Each structure stands twice: as C-alpha cells, then as structure tokens.
Amino acid sequence: MLNQDKTPLVDALKKYASSNHAAFYTPGHKRGQGISPKLTDCFGTTVFKADLPELPELGSLFASQGVIQSAQEYAAETFGAEYTWFLVNGSTCGIVAAILATCGVGDKIILPRNLHQSAIAGLILSGATPIFVNPEYDRVLDIAHSITFAGVEAALNQYSDIKTVMMVYPTYFGACGDVEKVARLTHKYNIPLLVDEAHGAHFAFHPDFPISAIKAGADLSVQSIHKTLGALTQASMLHVQGNRININRLTKSLELVQSTSPSYLLLASLDAARQQMAVEGKQLMSRTLQLAASARTAISQIPSLSVLELTLPTPGFVALDKTRLTVNVSGLGITGFTADEILVDYGAIAELPSLQNLTFIISLGNTEADIEQLVQALKTLATKHKQVFETQSAISPVNLESKLALTPRQAFYADTETLPIDRTRDRICAEIVCPYPPGIPVLIPGEIVTTEAIAYLQKIQNLGGYISGCADSSLQTLKVISDKS
Ligand SMILES: Cc1ncc(COP(=O)(O)O)c(C=O)c1O
C-alpha cells in the first residue's frame, strides 16, 4: 500500500516553480515573465511559474520512471487498476488510443450506437469495422440507456471474429448498463471489454454509486477526471487490468495521440485530484450525494417538473448515478432548450439541454448555496414560464438499419461532395449526423443515406431538436462520398 497522502508530481512541480533560475527552455513566456498583462490580470502570476516543460526532474509522460510514472502508480492503486496513464487531451484521446491498441484495419469492434464522437475518430484512425448494437431507449423520456447483455451476446454470436467490445458507462444521464455481466461474457470469448467511463470517475469512492467499470471486470476504462472530480479541464485517466490489453501497443497508441509537450498544470491536477479522493473521497462523495438528494427532493416537488428516476427492471439499466439530475420540463410546455436559455438569466446553468430535459451535474465542487440557487431558479421558471400550448411529443428513435458501404476510415479518406439533402439518397455519407435528442448518430461516415434516415432527421428538426456533427446543421445539404472516388 502506498501512502496516498503523497503527491509526487505536485511536489516536484512546486519545488521547480519556486526555484530561483533563469529559464532558457520552453514555454516562451519563461515562468510567466512574458505573459500578456491581459492574462496575468485574470489569473495572477503563480500559475505560470508552474507551466513548465518536461525537465529532467519532472519526468516524462511516456517514461517508465520519474515523478509522472510515480503519480500514475498512486492513481492506479486508488482507482483499483493495475496500470494507469494520465491523459492531457481528455478521454477523447484515451478512447482513440484504446481502439488503436485493440483493433487494426478491418478488425470488428462491437460498439453502442450512442457512442461518443471520439470512438468514431478511433474507428477512422484504426480502420476498424464497427458492429453497432442499438442502446435501449426510453420512448417516454427521449433518453437512450445502455446496450444490453443480450444485444452484445447476439452480436458475438453473429460474428465469430470480433476483436473487442466497447460500452459507454454511465450514459450522459447517469444510467448504467450491466458491465459486470458483459465483461464476463466477453471474457468467455477472451475478448477485451473497453469502457468509456468518461462520466463515472467518481464511482470508485462511495458504495452508493454504481460499481466502477474496473471493479466490474472491464479490461480498460477511460475516465474524465475533469468532468466529475477536481482536475482541470482535459485532464483524464486511462486504467487497465488483466492481460487482454497489449500494454506496449497501448503505450505506443497513447504516444500517437498525446502531445510531446504535455501540460504540467493538467498533470499535477490529476495527481492532486487522486490524493484528494484517496484521502477523503468517501466523505466528499457522501456530501455530494446528500446535496444531490436534497436537490432531487426539492425539484420533484415543483409543480410540472420531474426528476429522472429509473427503477428495475428497465432494459439497458442496472444502476443510476444519483449525482446526475435530469429534470423533465415538458410539463411546462417548453423545450429543454428554451428552459436552458431562461435559466441562465436566473443564475443556474445546466450541463446538457435536450428536447424534454435539462441535465445537471452535482459534484464535489457544489455547495448548499448552489443547490438553493438551482431550486429557486427552477421554481421561478415553473411559475413564470408555464406555457399553454401542448407538450412536445417524444421522439422515438426509429430502428435505422446501419448499412456500411465503406469503413469510417475509407470514407474519411475518400473524395467528397456536398449535395442538397434530397439528392443524397442511396449515396455514401461522409460525415457524422447526430440529432439531439436522442444523441444517437443516425449516419456516420461510410453509411448509406436512406430515405428513412432523412425523414427521421427532418422530423426531429421539425420538433425543435438540433443536428450536430455535420457541416450544415440546418441539414439543407449533406456531405457524401464523390461519385468519382
Ligand atoms: C460519453 C463520453 N465519452 C467521451 C467523452 C470525451 O471526454 P473528454 O471531454 O474528456 O475528452 C465525452 C465528453 O463529453 C462523453 O460524453
């Protein structure tokens, strides 16, 4: 057992930042001396003294020894992994590297259709062939949950040459699928389970949270420490256990997608966040859960509003992260997008608006005063903005068949042209087209554009949803693979 109160990286950085020396190394601002006063007015000067490069005493992100490596070993112990890597380009680069480490050109990977765009980047860079499993969908609330054991099992039975399986756990709304059962299943086939746990970095620190992916048996998990714990934006971690992941190939993959000049501010924030959670994580999470529970109770008493509660049995769901509050505003006759704009004026800013809902993240950084402000803002919203027109009807995802004509990689490298949307039927799509809600890509690069897909996207637009991922979000036009390529 390590002494988890130690912070090897923070200590080394502090020592170097306070040492008296003339700097002839990068970055060019030389310990803040060359920073524009516009920026020092904002941030002071101390922080810039710690913005240092990979000096010998500060180790290197990819070295097998030094203070970064030592900080990663502390993190592995805290998060229950065998190995941990610090990431300075968010979970985005961890997910890309996880796919690169497990799939080559043409290899098949099972993925949920409600994957994050970083997984699509991983498909493009690796050349892997996606085998999509549709997530379970709550048609009343317009919320996608997880893929199920049965869905993964069916895909594994259909294809005998699957290389890896990826799950998103939890979803943006805090819903968790059955990672434990899926891990046991993939391991029966000796296939690694990769988990996009970007929103679940806090799970290991309180028994009232869903089980962490690594504890549940996943081979690899990627967590955005910056999303729910106390690290700086972009600071994430990748954890591995067992022998199904080739560590050398993973390290090489991470080298491909990370900077050779990683920010020590981000790295030190990971070291400090780990120490904080190792030493007082349970206490901090108890308090966070209490804050979330008090917000949940108060908000659900506001007329016309409700807070997402999931109960068993719900397909694609085994546990809910209670620090995620998804508030349904459809009873007010306004969309989540409108409610979001109004709430800003009342001093509460949500994480994610959708057609019927607003999702709020409660974390260790929130205070009782924040919760009071949120509850008050929602009360004002509910009294002042109740509309008389009818509630928006929910948008059910149609079961769109994915017809892959090219792998995402082949589509990415092909010549493209932009056409009016009604001339793209039966052509090969060259971009991601993802409507919110439900946040499930309807088209990804390489898929055939179908009449049903276009009709579905237009329906969502007409109901007030928006389209993301593609160049023309109004969907007048769409980028497709050129006929000549
Ligand atoms: C499900 C999911 N996975 C991965 C990511 C990427 O995480 P990061 O912002 O740390 O790169 C996000 C970001 O929102 C996400 O929602």
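Start at 1 and go down the list; that is how both ligands and their atoms are numbered. What you see is a predicted model; the values in this text were computed from it and never measured.
Below 30°, between 30° and 60°, or above 60°: for Trp85 and Tyr83 the angle between ring planes is between 30° and 60°, a tilted geometry.
Looking at Val222 against ligand 1, nothing comes within 4.0 Å, counting heavy atoms. At a heavy-atom cutoff of 4.0 Å, ligand 1 is contacted by the side chain of Ser236 but not by its backbone. Both the backbone and the side chain of Thr92 come within 4.0 Å of ligand 1, judged by heavy-atom distances.
Proximity to Ser224 (heavy-atom distance under 4.0 Å) selects the following atoms of ligand 1: 7 (O), 8 (P), 10 (O). Against a heavy-atom cut-off of under 4.0 Å, Tyr172 is close to the following atoms of ligand 1: 16 (O). Near Gly90, meaning under 4.0 Å from any of its heavy atoms, are these atoms of ligand 1: 10 (O), 11 (O). Per-residue contacts place Ala198 under 4.0 angstrom from the following atoms of ligand 1 (heavy atoms of the residue considered): 2 (C), 3 (N), 4 (C), 5 (C).
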Side-chain donor-acceptor contacts of residues 172-180 below 3.5 Å, not counting sequence neighbours, with atom names and distances?
{"unit_1": "Tyr172", "atom_1": "OH", "unit_2": "Glu351", "atom_2": "OE2", "d": "2.5"}
{"unit_1": "Asp178", "atom_1": "OD1", "unit_2": "Lys181", "atom_2": "N", "d": "3.2"}

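Between Glu197, His226, Lys227, it is Lys227 that holds the heavy atom closest to atom 14 (O) of ligand 1.
For atom 16 (O) of ligand 1, the closest heavy atom belonging to the protein is His199 NE2, 2.8 Å. Of the protein's non-hydrogen atoms, the one nearest atom 6 (C) of ligand 1 is His116 CE1, 3.3 Å. Looking only at heavy atoms of the protein, atom 8 (P) of ligand 1 is closest to Ser91 N, 3.4 Å.
Crowding of Phe412 atom CZ: a count of heavy atoms from other residues, nucleotides or ligands under 6.0 Å not exceeding 12. Within a 6.0 Å sphere centred on NZ of Lys227, heavy atoms belonging to other residues, nucleotides or ligands number more than 12.
Residue contacts with ligand 1: Asp196 is placed with a nitrogen or oxygen under 3.5 Å of a nitrogen or oxygen of the ligand (distance criterion only).
Under the ring pair (Phe, Tyr, Trp, His ring centres under 6.0 Å) criterion, His145 pairs with no residue, sequence neighbours left out.
For the pair Lys14 and Asp11, the salt-bridge criterion is not met [side-chain N within less than 4.0 Å of a carboxylate O].
A distance of 8.0 Å separates CD of Glu82 from CD1 of Ile247, quoted to the nearest 0.5 Å.
Two rings, from Phe79 and Phe205, have their centers less than 6.0 Å apart.
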